[in-house]
Amino acid sequence: MAALPQRPFIFDSSSPLSPARTEINTHYLSDETEVINKLIPLAKLDAAASARVQKHAAELVANVRKNRGRSGGLDAFLKEYDLSSQEGIVLMCLAEALLRVPDAETQDKLIRDKLASGDWRGHLGGSQSLFVNASTWGLMLTGQIVGPGESAVKDVGRFLRDLVSRAGEPVVRTALRQAMRIMGHQFVMGRTIEEAMKRASKKDGKIYRHTYDMLGETALTRADAERYYASYANAIDAVGAARDPSQSIFSAPSISVKLTALHPRFEFANAAQVVDEMTPILLSLAQRARENNIALTVDTEEAEVLDLTLELVERVYRSKSLDGWEGFGLAMQTYQKRALPQVEWLLQLAREVGRRMTIRLVKGAYWDAEIKHAQERGLEGYPLFTRKASSDVSFLACARRVLDNRDLVYAQFATHNAHTLASVIEMAGDNHELEFQRLHGMGEELYAEVVGEDKLHYPCRVYAPVGIHEDLLPYLVRRLLENGSNTSFVNRIVDEAAPIDDIVADPVAAIEAEKHKPHPQIPLPVNLFADRVNSRGLNLHDSSELLPLAEAMDTAMRKEWHFTPVINGEKLSGREVPSIDPSDTRRVVGVVEQADESIVD
């Protein structure tokens with residue numbers, strides 16, 4: 001392995017962050033109004049361009065609705081079972097719960113208790129998608145075990161209760177597991193990388209490029225991390241062996257990696273250890289991808305590990321062993337307030353190294369958790385925007401900067417939003433050297449209007465999860481939280497009741513019209529409670545806040561404390577007793593002069 005650039009550890013106070021990295025951190029919990037007001041000029045189009053985008057986006061939505069019969073994946077499922085419905089919640093909770101319950105007896109009790117609690121009758125035949133109808137009866141165990149008769153359709157709940165009593169929970173449990181495997185096929189490209197590549201090479205998959213994501217995140221043990229590393233390494237070799245030699249590094253299949261899967265303690269508190277151990281691990285995967293002439297993209301995850309992720313990306317990207325290879329890149333989330341400074345830092349990094357990198361813009365997939373964590377910790381603000389339209393504005397502002405610097409980066413745009421897609425096309429002009437991305441099982445109808453010589457002729461890459469069903473649920477639940485509400489674009493684009501003009505409304509105009517830029521129903525964490533002030537916390541994942549705290553603590557640790565009895569404001573002398581640090585009995589914190597009897601009297 002080639003030697004890595006040597007420099008002091010970035011989170012050490014003796015080695016301050018670069019100005020560009022410091023600028024990223026200053027936006028961690030910054031004022032939402034100030035941030036969005038700076039982004040609007042970059043995201044805003046002139047009147048003529050804005051009108052073209054509106055017209056184009058409206059045409060895309062209209063065509064999607066006209067051709068919606070070809071959908072059969074997650075889009076249709078979310079339309080039928082959004083998370084605001086009782087049935088959608090029961091389906092997900094039951095499926096996840098069954099995977100987490102170790103014994104059959106308890107699984108049977110769950111099935112008996114939860115199976116008949118939803119109003120399934122209202123969903124039967126309620127979608128043109130065969131997948132939705134199959135899922136309804138597959139998940140409710142009738143499609144594979146017994147065909148639904150008239151009595152079953154009239155009273156699904158009673159039928160299911162009777163079915164459980166007749167067939168018994170073990171049979172029902174087996175059928176439900178089979179149904180979940182069928183459902184998993186819709187959301188996962190394959191159980192193995194070989195199976196995923198074979199599926200991608202079939203007729204429907206050939207029109208797309210693919211990036212494979214090996215399911216599994218947040219390794220809890222070293223064994224987990226080693227297993228995930230092996231799956232990534234195997235996937236890189238398999239994709240590299242099968243790639244068409246005529247494909248460029250940008251058009252060839254690629255691999256996406258999550259750093260939390262490669263280290264059991266990937267957290268800011270262990271930054272020094274993580275950077276020391278993870279840099280050679282990530283570099284070895286990058287070198288492997290370089291040898292196979294395919295791209296490797298690092299996915300950003302929760303806000304609290306962004307600083308750590310950027311440090312690793314920089315160290316690996318600067319390695320001389322990757323010279324001549326333009327396949328290393330980062331997928332960054334634009335719903336964070338740090339997004340635009342992050343783009344500027346990446347552009348500066350690419351300029352310094354002199355090698356193109358890939359930047360994949362995504363809007364983000366951890367919104368609910370980030371909001372709740374900030375409230376729980378009593379932070380001074382949120383790391384992300386509280387309005388959906390603000391996330392869209394941030395995406396467009398970042399897109400502008402990326403498109404203006406295509407000599408430094410290869411631009412990739414992951415979106416299922418017709419207005420965002422049309423805006424990127426407008427900003428890009430006649431230069432088609434860019435790439436759109438969608439999730440496997442989602443956005444097929446929208447991108448059917450984009451991909452192909454008879455359409456807009458832009459390339460689109462499918463983000464394709466690979467793994468067994470047990471690894472599916474965390475990914476699926478995150479996708480549902482991101483897209484499952486009845487206000488999400490994925491749901492609204494196929495909802496005939498939603499006016500097209502509302503769906504393709506300009507987010508810049510929407511935010512400009514808001515007097516109060518942050519969402520009024522999402523108070524700052526300190527104002528979370530109506531009857532009291534929330535407990536105040538420190539953002540211990542921000543080096544700009546952590547380093548001053550560490551220095552102050554270090555100063556306090558070095559201070560020698562001396563305490564004496566005091567009577568009427570006068571310090572008195574007594575017997576000196578050393579005060580020992582209970583966490584380190586070798587350290588004397590200070591001296592306490594104990595009062596004697598005369599002082600007590």
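At a cut-off of 3.5 Å, with distance as the only test, no side-chain donor of Ser256 or Asp213 sits close to an acceptor on the other residue. Side-chain atoms of Ser423 and Thr420 form no donor-acceptor pair, as typed in the model, at a separation below 3.5 Å. For the residue pair Tyr382 and Gln375, a side-chain donor N or O sits within less than 3.5 Å of a side-chain acceptor on the partner. Defined by atom type and a distance below 3.5 Å, a donor-acceptor pair is missing between the side-chain atoms of Glu344 and Gln348. Between Thr415 and Asn417, the side chains place no donor N or O within less than 3.5 Å of an acceptor N or O (distance only, hydrogens not considered). Asn37 and Glu34 are not linked by any side-chain donor-acceptor pair at a separation below 3.5 angstrom, with hydrogens and angles left out of the test. A donor-acceptor pair shorter than 3.5 Å can be found between the side chains of Ser254 and Thr211.
A 4.5 Å side-chain heavy-atom check between Pro383 and Tyr335 finds every atom pair outside the cut-off. Looking at heavy atoms from C-beta onward, Thr358 lies in side-chain contact with Thr297 at the 4.5 angstrom threshold. Contact of the Arg288 side chain with the Leu296 side chain is not registered, since no non-hydrogen atoms from C-beta on lie closer than 4.5 Å. No side-chain heavy atom of Cys460 sits less than 4.5 Å from a side-chain heavy atom of Glu435.
Taking the six-membered ring where tryptophan is involved, the planes of Phe436 and Tyr447 are tilted, since the angle between them lies from 30° to 60°. Ring geometry, Tyr212 versus His210: the interplanar angle falls under 30°, so the pair is classed parallel (tilted spans 30 to 60°).
For residues 38-51, the pairs satisfying side chain to side chain donor-acceptor pair (under 3.5 Å) are Lys44-Glu512, with sequence neighbours left out.
In this structure, Arg438 is not positioned above the aromatic face of Tyr463 in the sense of NZ or CZ being under 6.0 Å from the six-membered ring centre and within 45° of the axis. Remark: Lys363 qualifies as a cation-pi partner of Phe395 under the 6.0 Å distance and 45° angle criteria applied to the six-membered ring. The side-chain tip of Arg355 does not point at the ring of Trp325 from less than 6.0 angstrom away and within 45° of straight on.
The distance from atom CZ of Arg360 to atom CD of Gln412, rounded to the nearest 0.5 Å, is 6.0 Å. Note that OH of Tyr208 is 12.5 Å distant from CD of Gln437, once rounded to the nearest 0.5 Å. Rounding to the nearest 0.5 Å places NE2 of His56 at 10.0 Å from CD of Glu426. Put simply, NE2 on His419 and CG on Leu396 are 7.0 Å apart, with the number rounded to the nearest 0.5 Å. Taken from CG in Asp392 to CG in Asp506, the straight-line distance is 9.5 Å, to the nearest 0.5 Å. Distance NZ/Lys337 to CD/Glu32: 5.0 Å, rounded to 0.5 Å.
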- Message: Is there a side-chain contact (heavy atoms from CB on, under 4.5 Å) between Gln336 and Leu306? Walk through the geometry before answering.
- Response: CA-CA 10 Å; Gln336 286 197 35; Leu306 177 62; 3.6 Å; yes
- Query: Step by step, would you call Lys258 with Glu301 a salt bridge (charged side-chain N to carboxylate O under 4.0 Å, His left out)?
  - Reply: CA-CA 8 Å; Lys258 287 183 171 60; Glu301 300 174 73; over 6 Å; no
- Task: Go through the steps for Asp407 and Asn405 under the test side-chain contact (heavy atoms from CB on, under 4.5 Å), then give the verdict.
- Result: CA-CA 5 Å; Asp407 59 320; Asn405 290 274; 4.1 Å; yes
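With Arg400 contributing its side chain and Leu42 its backbone, the two residues share a donor-acceptor pair below 3.5 Å. A donor-acceptor contact shorter than 3.5 Å is absent between the side chain of Arg315 and the backbone of Leu283. A donor-acceptor distance shorter than 3.5 angstrom exists from the side chain of Trp367 to the backbone of Phe385, with no hydrogens or angles considered. With hydrogens and angles ignored, the 3.5 Å screen pairs no side-chain donor or acceptor of Ser251 with any backbone N or O of Gln247. Formation of a donor-acceptor pair under 3.5 Å by the Asn534 side chain with backbone atoms of Asn527 is not found in this model.
Classification of Arg21 and Glu311 as a salt-bridged pair holds, one side-chain N sitting under 4.0 Å from a carboxylate O. Using a cut-off of 4.0 Å between Lys/Arg side-chain N and Asp/Glu carboxylate O, Arg318 and Glu314 are scored as salt-bridged. Ion pair Lys66/Glu449 not flagged as a salt bridge, since none of the NZ, NE, NH1 or NH2 atoms sits closer than 4.0 Å to an Asp/Glu carboxylate oxygen. Salt-bridge annotation for Glu433 and Arg356: present, with a side-chain N of the basic residue lying under 4.0 Å from a carboxylate O of the acidic one.
By the neighbour-count criterion of 12 heavy atoms within 6.0 Å, atom NZ of Lys455 is densely surrounded, having more than that number from other residues, nucleotides or ligands. Atom CG of Asp454 sits in a crowded spot, with more than 12 heavy atoms from other residues, nucleotides or ligands closer than 6.0 Å.
Residues His432 and Tyr458 place their aromatic rings such that the two centres sit under 6.0 Å apart.
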